[in-house]
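Notes follow once the structure below has been shown.
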Number of protein chains: 2
Amino acid sequence: MAGGDKPYHHGNLRETLLETAFRLVDSDGVDAISMRALAREAGVSSAAPFRHFADKQVLLDAVAEEAAAELERKLDEATAECSDALTQFRAMTVAYVRFAAEHPALFDLIHSTESVSRRFLGEVKDERRLKLIALIYEGQNAGLIPEADPELIALTSEALTHGLARMIVDRHPRVRNLSSEDARKLALAATHLLQTGIGLS
Amino acid sequence: MAGGDKPYHHGNLRETLLETAFRLVDSDGVDAISMRALAREAGVSSAAPFRHFADKQVLLDAVAEEAAAELERKLDEATAECSDALTQFRAMTVAYVRFAAEHPALFDLIHSTESVSRRFLGEVKDERRLKLIALIYEGQNAGLIPEADPELIALTSEALTHGLARMIVDRHPRVRNLSSEDARKLALAATHLLQTGIGLS
DNA sequence: ATCAAGTGTTAGCACTGCTAACATCGGGAT
DNA sequence: ATCCCGATGTTAGCAGTGCTAACACTTGAT
C-alpha cells in the first residue's frame with residue numbers, strides 16, 4: 001500500500017482543530033488563530049472546520065471551555081493536598097495567579113468569552129465561593145474575623161486574586177516579567193497580608 | 001456657491017479619525033473598528049487613514065492614549081476635592097472602578113495596548129504609587145499599619161482595585177450588571193474593608 | 001514660479017470569515 | 001445485498017479586511 005493516500009474523511013477533525021487552536025492560543029495569543037490556518041494545519045479544506053463549529057466564536061468558546069477546565073484541574077490539584085480550609089484557600093489563590101502567569105492568553109480568553117465566563121465562573125466557581133463563605137462564617141463565629149458581610153469579604157478576596165492575576169496578564173509594570181515562582185511568592189504574600197489584615201490568621 | 005463640493009484635502013483627518021475611533025471603541029468595542037469603516041465615516045478613501053497612522057495598531061495605540069488621559073483626568077477630578085491622603089486614595093479607587101464600569105472597552109484597550117500600558121501605567125501611575133507608599137510609611141510610623149513591606153501593601157491595594165475593575169469589565173457573575181452607583185459603593189466597601197483589615201483606619 | 005512635502009485618490013494583493021452547491025463515505029433500514 | 005440519507009468532506013466564490021504602490025492635487029517655503 002502506498003501509505004500517502006489520506007482518506008476522504010479526516011477521522012476526528014473536531015478534536016484536532018480544538019487541540020491545535022488550544023496550543024496556538026496558548027503560545028501566540030487569540031489573534032494568531034484563523035479558521036483557514038487551522039484547516040491547513042489539519043490538512044483539510046478551508047470550509048471543513050465549519051462543519052464542526054458554526055463560526056469562529058464557537059470554536060473560541062470551545063477552546064475557552066477547555067482552558068477553563070484546565071484551570072479548574074490545576075486548582076483541584078493545588079487544594080487536594082491541603083488539610084484545613086485556610087491553606088486550601090491560599091493554595092487556590094496561588095494556583096490561580098500562577099495559571100494566569102503561565103498561560104496569559106488562555107486566561108484572557110476564558111474571561112473574554114461571554115458564554116464560558118458565564119458558565120465557568122457562574123457554576124463551577126460558585127461552589128468554591130460557598131466553601132470560602134463557609135470558612136468566613138466559621139472564622140466569624142470564632143471571633144477571628146470582623147462582622148462584615150461575608151459575601152463582601154469573599155468578593156474582596158476574589159478581587160485581590162483576580163487583580164493580581166490580571167496585572168500579570170496585562171503586564172502591569174510593577175509585576176512584569178515575573179517568573180511563575182515569583183508570582184507564587186507574590187500571591188502568597190498578598191493573600192497573607194489580606195488575611196492578616198482581615199483577621200484570618 | 002454650490003456648497004456640496006468638498007475640498008481635496010479633508011482638513012484635520014487625523015483628529016476626526018481619532019475621535020470617531022474613540023467613540024466607536026467606547027460604544028461598540030475594539031473589534032468594531034476597521035480602517036475602511038473609519039475612512040468611510042470621514043468621507044475619505046480607504047487608503048487615506050494610512051497617511052496618518054502607519055497601521056491599525058498605531059491608531060489603536062493613539063486611542064488608548066486618549067483613553068488613558070481621560071482616565072487620568074477622572075482620577076484627578078476625584079482626588080481634587082479631597083483633603084487628607086486617605087480620602088484621596090479612596091476616591092481614586094472609586095473613580096478607577098467607576099471608569100472601568102462605564103467604559104469597559106476603553107479600559108480594556110488601555111491595558112491591552114502594550115506601548116500605552118507601559119507609558120501610562122509606568123510613568124503616570126508611578127507618582128500615584130509614590131504618594132500611596134508615602135502614606136503607608138506615615139501610617140507605619142504612627143503605628144497604624146503593620147510593618148510589612150510598603151511596596152507590598154501598595155501592590156496589594158492596587159491589585160484589589162484593578163481586580164474589582166476587571167471583574168466588572170469581564171462581567172464576572174458576582175458583579176455583573178452593576179450600575180456605576182453600585183460600583184461606587186462596592187469599591188468603597190471593599191477598600192474600606194481592606195484598609196480596616198490592614199489597619200489604615 | 002517652482003519644487004518638495006504633505007495629503008488625498010484609485011487599483012490591487014493577500015488574507016479573512018463564511019456560504020452554497022456538489023462529492024464521498026459509512027451505517028442503518030429494508 | 002442494496003438503498004439511501006446524514007455526516008463530513010470538497011471547490012468556488014462573495015464581501016470584507018489591512019495594507020501598499022503609483023499617481024494626483026494643494027500648499028507653503030524658496
Side-chain angles (χ1 to χ4, degrees), chain A residues 1-25 27-64 105 109 112-116, chain B residues 1-25 27-64 105 109 112-116:
Chain A
M1 52 181 176
D5 55 345
K6 48 183 182 180
Y8 186 86
H9 287 104
H10 177 284
N12 57 345
L13 221 205
R14 193 193 153 88
E15 275 146 44
T16 300
L17 291 171
L18 221 46
E19 284 167 19
T20 309
F22 186 95
R23 244 182 307 119
L24 203 54
V25 169
S27 63
D28 293 12
V30 67
D31 289 337
I33 81 157
S34 88
M35 292 292 140
R36 294 176 108 109
L38 287 176
R40 277 192 299 268
E41 185 75 14
V44 104
S45 79
S46 7
F50 294 94
R51 294 289 170 198
H52 300 274
F53 302 96
D55 59 34
K56 188 180 184 178
Q57 189 54 55
V58 171
L59 188 256
L60 290 179
D61 285 4
V63 172
L109 181 61
S112 66
T113 305
E114 188 73 10
S115 66
V116 170
Chain B
M1 53 181 173
D5 53 347
K6 49 182 181 180
Y8 187 86
H9 287 105
H10 177 285
N12 55 347
L13 222 205
R14 192 194 155 88
E15 274 147 44
T16 301
L17 291 171
L18 221 45
E19 283 167 22
T20 309
F22 186 95
R23 245 183 305 119
L24 203 55
V25 169
S27 63
D28 294 12
V30 67
D31 289 337
I33 81 156
S34 87
M35 292 292 138
R36 295 175 106 108
L38 287 176
R40 276 192 298 269
E41 186 74 16
V44 105
S45 79
S46 6
F50 294 94
R51 293 289 171 200
H52 300 274
F53 301 97
D55 60 34
K56 188 180 185 178
Q57 189 55 54
V58 171
L59 189 255
L60 290 179
D61 285 5
V63 172
L109 181 61
S112 66
T113 305
E114 188 72 10
S115 65
V116 170

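Everything numeric here is computed off the predicted structure, so don't read it as measured data. First the proteins, then the strands, lettered A, B, ... as listed; each starts at 1.
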For a quick test of reading the model, state the closest non-hydrogen atom pair linking Ala64(A) to Thr113(A) and the distance between them. CB-OG1, 3.6 Å

If we only count heavy atoms from C-beta on, is the Val30(A) to Val63(A) side-chain gap below 4.5 Å? no

Supply the atom-to-atom distance Arg40(B) CZ to Ser45(B) OG, rounded to the nearest 0.5 angstrom. 12.0 Å

Does the pair Val44(B) and Thr16(B) meet the rule for a side-chain contact (heavy atoms from CB on, under 4.5 Å), with working shown? CA-CA 11 Å; Val44(B) 105; Thr16(B) 301; over 6 Å; no

Candidates dG8(C), dG9(D), dT10(C) - which lies nearest the side chain of Leu13(B): dG8(C)

Side-chain N or O of His52(B) versus OP1/OP2 of dG8(C): is the shortest distance under 4.0 Å? yes

Locate the shortest heavy-atom distance separating Leu59(A) from Ala21(A); write the atom from each residue and the value. CD1-CB, 4.1 Å

Distance-only donor-acceptor hits, side chain of residues 47-55 of chain A, under 3.5 Å, sequence neighbours excluded:
residue  : atom : partner  : partner atom : Å
Asp55(A) : OD1  : Gln57(A) : N            : 3.1
Asp55(A) : OD1  : Val58(A) : N            : 3.0

Inter-residue atom distance Thr20(B).OG1 - Leu13(B).CG, 0.5 Å rounding: 9.0 Å

Detail all sub-3.5 Å separations between protein N/O atoms and N/O atoms belonging to nucleotides 16-20 of chain C.
residue : atom : partner  : partner atom : Å
dT16(C) : OP1  : Ser34(A) : OG           : 3.1
dG17(C) : OP1  : Met35(A) : N            : 3.1
dG17(C) : OP1  : Lys56(A) : NZ           : 3.1
dG17(C) : OP2  : Met35(A) : N            : 3.0
dG17(C) : OP2  : Arg36(A) : N            : 3.3
dG17(C) : N7   : Arg36(A) : NH1          : 2.5
dG17(C) : O6   : Arg36(A) : NH1          : 2.8
dC18(C) : OP2  : Lys56(A) : N            : 2.6
dC18(C) : N4   : Arg36(A) : NH1          : 3.1

Let me confirm one number: the CD-CG distance from Glu19(B) to Leu38(B), rounded to the nearest 0.5 Å. 12.0 Å

Taking five pairs at each terminus, the helix from dA1(C)-dT30(D) to dT30(C)-dA1(D) shows an axis bend, to 10°, of 0°

What's the CG-C1' distance between Leu17(B) and dG8(C), to the nearest Å? 12 Å

Whole Å only: how far is the CZ atom of Arg14(B) from the P atom of dG8(C)? 12 Å

